[in-house]
Amino acid sequence: MIRVAIIDDHAIVRMGIKYSLSMEDDFEFAGEHSGGAGAGDFVAQVKPDVVLLDVRMPVVNGIEALEDIMRKVPGAKVLMLTTSDCEEDIFRALNLGAKGYMVKDENGEGLHAAIRTVAAGKRFLPQRIMAIYEDRRTRPSLSERELETLRLVAKGFSNTEIAERFNVSMDTVKAHLRHVYDKFGVESRVEAVIMAMSAGIVEAP
């Protein structure tokens, strides 16, 4: 039996997945959790063979929840099941240790196959997801401070406001932004924000 747990903020999604699992003889429902907060403790408690984890959840998103799970339950087999195919979500999830990634528009049979693959200790990555990951993997990542700076820019903060918030000089802020521009291959704040939003690195204001 493959014991499957679900972490998703939508009750109707959890209900649908539970019903789908009940139609298969080799699946057993291990439990459900309605959000990312406390995800690590939940997985540690129910000890499922596979965790189905949503990405886009309020307060604590699925990437943060995955980080919590992997910290508290090293070796947990997590399959990201989400509407998001943003490259940054895919890149971060797989780098954090997710064993698979699929979007919710797959049919039930596709989900069942993914669960069985992950339960067997293998990775489940559809060709399109793998292509997105490989493309993202070849580009340099932003540092934590560069990412924080870009998120504030996306929220409309000026360089002066960012400098005051981080207690750094204007030159330091400008240097962070220049590094962001160079890594993204752009020349302006607007272009950087648009690219970051399309990649799922920052959320639309």
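Index from 1, following the sequence.
A salt bridge links K183 and E146; the closest N-O separation between the charged side-chain nitrogens and carboxylate oxygens is under 4.0 Å.
Partners of M70 by side-chain contact (heavy atoms from CB on, under 4.5 Å), not counting sequence neighbours, listed by chain and number: L66, A76, V78. Residues passing the salt bridge (Lys or Arg N to Asp or Glu O under 4.0 Å) test with R178, sequence neighbours excluded: D182, E187. Residues meeting the salt bridge (Lys or Arg N to Asp or Glu O under 4.0 Å) test with K122, sequence neighbours left out: none. Every residue two or more places apart in sequence or in another chain that forms a side-chain hydrogen bond (donor to acceptor under 3.5 Å, both in side chains) with S141 is listed here: R136. For D85, the side-chain hydrogen bond (donor to acceptor under 3.5 Å, both in side chains) partners at least two apart in sequence or on another chain are R128. Remark: F184 pairs with no residue by the ring pair (Phe, Tyr, Trp, His ring centres under 6.0 Å) rule, at least two apart or across chains. Residues that satisfy the ring pair (Phe, Tyr, Trp, His ring centres under 6.0 Å) test with F42, not counting sequence neighbours, are H33. With sequence neighbours left out, the salt bridge (Lys or Arg N to Asp or Glu O under 4.0 Å) criterion links E87 to R139. Shown here are the salt bridge (Lys or Arg N to Asp or Glu O under 4.0 Å) partners of K72, two or more places apart in sequence or in another chain: D41, D68. Applying the side-chain hydrogen bond (donor to acceptor under 3.5 Å, both in side chains) criterion to S169, with sequence neighbours excluded, gives T172.
With a 4.5 Å cut-off between side-chain heavy atoms of Ile, Leu, Val, Met, Phe, Trp and Tyr, the cluster of M170 takes in none.
Applying the ring pair (Phe, Tyr, Trp, His ring centres under 6.0 Å) rule to pairs touching residues 9-28 yields F27-H112, sequence neighbours excluded.
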Problem set entry | salt bridge (Lys or Arg N to Asp or Glu O under 4.0 Å) evaluation trace for D54 with R14 | CA-CA 10 Å; D54 190 15; R14 301 196 304 271; over 6 Å; no
